[in-house]
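The block underneath contains the structure these notes are about, expressed in structure tokens.
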Amino acid sequence: MTALFKIALRAIMRNKLRSSLTILGIVIGVGAVIVMVSIGQGAKVFVEKQLESLGINVLIIIPISTTHAAARGTTGTITLTAEDAYAIARECGAVGYVSPGMRTTTQVVYGNMNWTTGVSGVGPDYQIIRNWPLKSGRFITQRDVNTMAKVCVLGQTVVTNLFGMLDPVDRWVRVNNIPFRVIGVLSAKGQSPTGQDQDDTVLMPYTTIQRKIMGVTYINYILASTITTEARFEAIDQITALLRQRHRLRPNEENDFTVISQVEFASTVMETSQTMTILLGSIALVSLFVGGIGIMNIMLVSTTERTREIGIRMAVGAKEKDILFQFLIESTVLSSIGGLIGIIFGILVSKLVSYYGGWPSLLSSPSIVVAFLFSNMVGIFFGYYPARKASRLNPIEALRYE
Amino acid sequence: MQDIVLLKDVYKVYTMGDIKVTALDGVSLAIKKGEFMAIMGASGSGKSTLMNILGCLDSPTQGKYYLEGIEVSRFSKNELAEIRNKKLGFVFQNFNLLSRTTVVENIELPLIYGKKISKNDTDEIYRIIRILGLEGFEKHYPNQLSGGQQQRVAIARAIANNPTLLLADEPTGNLDSATSTDVMNVLCDLNRTMGITIVLVTHETDIARYAGRVVVLKDGRVLSDTPSHSPGTPAVHASCETVP
Ligand SMILES: Nc1ncnc2c1ncn2[C@@H]1O[C@H](COP(=O)(O)OP(=O)(O)OP(=O)(O)O)[C@@H](O)[C@H]1O
Ligand SMILES: [Mg+2]
């Protein structure tokens, strides 16, 4: 076997240009697989991270019926109250934390700087539900909610635009011409899966928005976390039942609210990125396949060219399997060298892509191992036919071959 | 003396579509150990076909071939390869050396397919290289050698595995007369000093005179089988066979 290895290596070295071109085909194939898979994986992880930032166990309850949204018009938007939110927290066992939510867009002013942004009114549990750590300061407390305190917590984008490098905690900003004390700064969360900048936000007690800014008594939405991801269906049922009862809806009446689960949205996004990985991967596999055909082609040419050599080897006692292995080893060595270089090449390219393209890439060692094994298999698979053909030659005819 | 080769009524028929060519038409032949035999005959008389069968490169269509008492005529491809490796050596008209492969590597070739190459074998290879006067050419490639030298390398390869039978199909066919004499002397030497049994195909009576026995084929049959001490043979060309 070691002798056959030597023979195969010598044959590869003898025809350097041809061997390199054959190897190049595999390099491109394996490289493409590595790049595509790592980009696909990177995208998946990226999306996963974004979904996590949204809160995977989060339910959103909005005061509108999905079926009759248009018909109901604006009346639908005033059916939810903070009491509904507290009732859910109290009575629904599958629900963990609850926060009433208000939303408006307005201008925030600091000194001579101003910035138009979304202002959210939330409860103290909002931070837990969104799993959103603070960068500095403190979050809104129940006391702030009860007293309709004029305090706010700023997202990173707002801080950057109003304060630059300054620490905004304990400084005063004006919202709707009312001075608010900044009590905390949220850590950066990045884009949402739908591409919105989640850091472009100002949070304040929902009661403050209700009374001081908008002058209303209803709330825009309720944010609730379920105790586990699996408990979400139970939670939806419990919330639906509770709200129907609280809103005194008759059995034949439609819900005047909708419960949205993030999980369903998340799984759709995940599926999409999964599909993308598979698609990219299969395109790359095609190029690996083409590389394999290149090996087969070269090995066929090479066995025909070396017919006489095969005849000589057979005359001195090489068995069918000796010839078979000689050529199989040759094609496998070619494809393995191609595989190794392709892996290095693939790693470099995916690093470059993620560096310059701003596209995340993730190199997993299993995918590298699989790519290498696959390149070996390509060598064996595409080298087998030419090798078998060579081993089946008739020695007399092979010796006579010109 | 034991028969190294025993052919009993051997036929070889090539079928090409509807046409049947009988290349060997009932050949019976016995070759003793240490013999130096020449096969002659017109073109197409079946000399190469006979050599291929003797060399276990091909099997007879009919008839029996015993090599050292073992019937090899029904051997499988694999078994024939084994026999070629252990018991036979070939020398061809066109040398058939591996190009871009050094002299030593060419000579070692049969050993690769036999067993592992041991220190003993390496010594043996260098002994053979000395016998054939190839010292200094070990690392040369075939295309750097003259025809005579190439044929010497081929002979060295043929005897590297210490075969019982050496087969040479027109070994001097591509050589000028001086080099032919040289190569024939080498073969004679191997026959005389090492007792290697040799079967040689040639068209030239001059070459056939080196052999102790000449078999003439015609249309796939043995036409004559005679010792080669024909009158008028120059002394220097006298048969060199060891067996009387
Ligand atoms: N593979 C083959 N297929 C068909 N016919 C063949 C084959 N090999 C040899 N023959 C035929 O068998 C006959 C004997 O051929 P062979 O090669 O043995 O002759 P030869 O005596 O060696 O001739 P030469 O002196 O020209 O080398 C010829 O008629 C040849 O055409
Ligand atoms: Mg012939």
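A note on names: the letters A, B, ... follow the listed sequences, proteins ahead of strands, and every chain is numbered from 1.
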Below 4.5 Å from any heavy atom of chain B, which atoms of [X] appear? Answer side chain, backbone, both or neither.
X	result
Arg308(A)	side chain
Leu399(A)	both
Arg306(A)	neither
Gln326(A)	side chain

Per-residue contact mode, Ile83(B) against chain A (heavy atom under 4.5 angstrom):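 Neither the backbone nor the side chain of Ile83(B) comes within 4.5 Å of chain A.
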Closest contact, heavy atoms only, Ala318(A) versus Ala81(B):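 That would be O-CB, 3.9 Å.
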Contact summary for Gly317(A) and Tyr113(B), nearest pair of heavy atoms: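 Taking every non-hydrogen atom into account, O-CB, 3.8 Å.
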Is the shortest heavy-atom distance from the side chain of [X] to the side chain of [Y] under 4.5 Å?
X	Y	value
Arg100(B)	Arg10(A)	no
Arg157(B)	Val316(A)	yes
Leu98(B)	Arg313(A)	yes

What's the separation between atom [atom1] in [X] and atom [atom2] in [Y], rounded to the nearest 0.5 Å?
X	Y	atom1	atom2	value
Ile112(B)	Asp322(A)	CD1	CG	10.0 Å
Asn94(B)	Arg400(A)	CG	CZ	11.0 Å
Ser76(B)	Glu320(A)	OG	CD	9.5 Å
Met314(A)	Lys77(B)	CE	NZ	6.5 Å
Asn394(A)	Asn52(B)	CG	CG	8.5 Å
Glu397(A)	Asp58(B)	CD	CG	9.5 Å

Phe289(A) atom CZ, over 12 foreign heavy atoms within 6.0 Å: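 No.
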Tyr385(A), OH: over 12 other non-hydrogen atoms inside 6.0 angstrom: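 Incorrect, the count does not exceed 12.
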Residues from residues 62-69 of chain B approaching chain A under 4.5 Å (heavy atoms):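 Within residues 62-69 of chain B, no residue comes under 4.5 Å from chain A.
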Among the listed options Pro395(A), Gly311(A), Ala315(A), Ala3(A), the residue most often paired with chain B at heavy-atom distances under 4.5 Å: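 Option with the top pair count is Ala315(A).
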Non-neighbouring partners of Phe372(A) that pass ring-ring contact (aromatic ring centres under 6.0 Å, His included), sequence neighbours left out: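 Not a single residue meets the ring-ring contact (aromatic ring centres under 6.0 Å, His included) criterion with Phe372(A).
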